[in-house]
Amino acid sequence: MAELHGNDAFIDTDKLIFGIGQVQQITGVSGRQLRYWEEQGYIKSISQKKGAAREYSMHTLFFIFHVTRFLDDGFTLQAAVDKAKKFDRQLPVLRQFLRSQLKGVDFQDDQSVIDFGYVDAEHKQRIYGIVKNGETSFKIENVD
DNA sequence: TTTCTGACA
DNA sequence: TGTCAGAA
């Protein structure tokens, strides 16, 4: 039987392929830079053979995007790549945690309430994430 | 037309 | 890194 909520239930983002021209348009990184970064081993394109046009997976596209953000923050290319890699490692952990802990989101008049479920095994307290006026906070409530 | 590699006022 | 050339 098929699992409805596994990773498989979503689009395999690595099957979304982008040409170097598209990557340039989306990330603003020049083709010259992309080839140089690849030459330096910072990024990789899908099976780059001889003079064939480069293709990038969506994962790589995201990676490139993150590198540019760190470059904009003033980091060197090497440092930006390192930070992007670190960020890359955090994503699956964050996704797993959120996927298992997120119970639902309630949209109220002045705020949004994220239900993270019970805090304790006894189910005496429930924790919520509050998003209000552009700010976030936690709230723990006792369960009746 | 787009991309590739190599080179450099 | 940009840019130009010559080829695919």
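So that the names make sense, note that chain A is the first sequence line, chain B the second, and so on, each numbered from 1. What you see below is based on every heavy atom in this structure, not just the backbone, and it leaves out hydrogens, waters and symmetry mates. These numbers were taken from a predicted model, which means no experiment stands behind them.
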Checklist entry - Is a salt bridge present between A/Glu38 and A/Arg54, judged by a nitrogen-to-oxygen distance below 4.0 Å? => result yes
Re C/dG2: Watson-Crick or G-U wobble partner, both distances kept under 3.5 Å, found to be B/dC8
Of B/dT3, C/dT1, C/dG2, the nucleotide closest to the side chain of A/Gln33 is C/dT1
Between CD of A/Gln25 and C1' of B/dT3 the distance, given in whole Å, is 14 Å
Separation of C/dT3 atom P from A/Gln24 atom CD, nearest Å, is 12 Å
Original post:
Relative to A/Tyr118, does A/Lys124 satisfy both conditions: NZ or CZ under 6.0 angstrom from the six-membered ring centre, and within 45 degrees of the ring's axis?
Top reply: no
From CZ of A/Phe18 across to P of B/dT2 the rounded distance in Å is 18 Å
Rounded to whole Å, the CZ-C1' distance (A/Arg32 to C/dA5) equals 14 Å
note: A/Arg35, atom CZ; C/dC4, atom C1'; distance rounded to Å ~ 13 Å
Note to self: By the 4.0 Å heavy-atom rule, please label A/Arg54 as base, sugar-phosphate, or nothing.
What the structure shows: sugar-phosphate
Let's go through A/Val23 and A/Val29 carefully: what are the C-alpha distance in whole Å and the side-chain angles of both, what is the deciding distance for side chain to side chain contact (heavy atoms under 4.5 Å, CB included) to 0.1 Å, and is it a yes or a no? CA-CA 7 Å; A/Val23 174; A/Val29 179; 5.5 Å; no
inquiry  = Is there a path of hydrophobic side-chain contacts, each under 4.5 Å between heavy atoms, that joins A/Leu94 and A/Val131?
reply    = no
By the Watson-Crick or G-U definition, both distances under 3.5 Å, B/dT2 is matched with C/dA8
From OH of A/Tyr36 across to P of B/dT3 the rounded distance in Å is 22 Å
Separation of B/dT3 atom C1' from A/Ile46 atom CD1, nearest Å, is 16 Å
Taken to the nearest whole Å, CG/A/Leu34 to C1'/C/dG2 is 14 Å
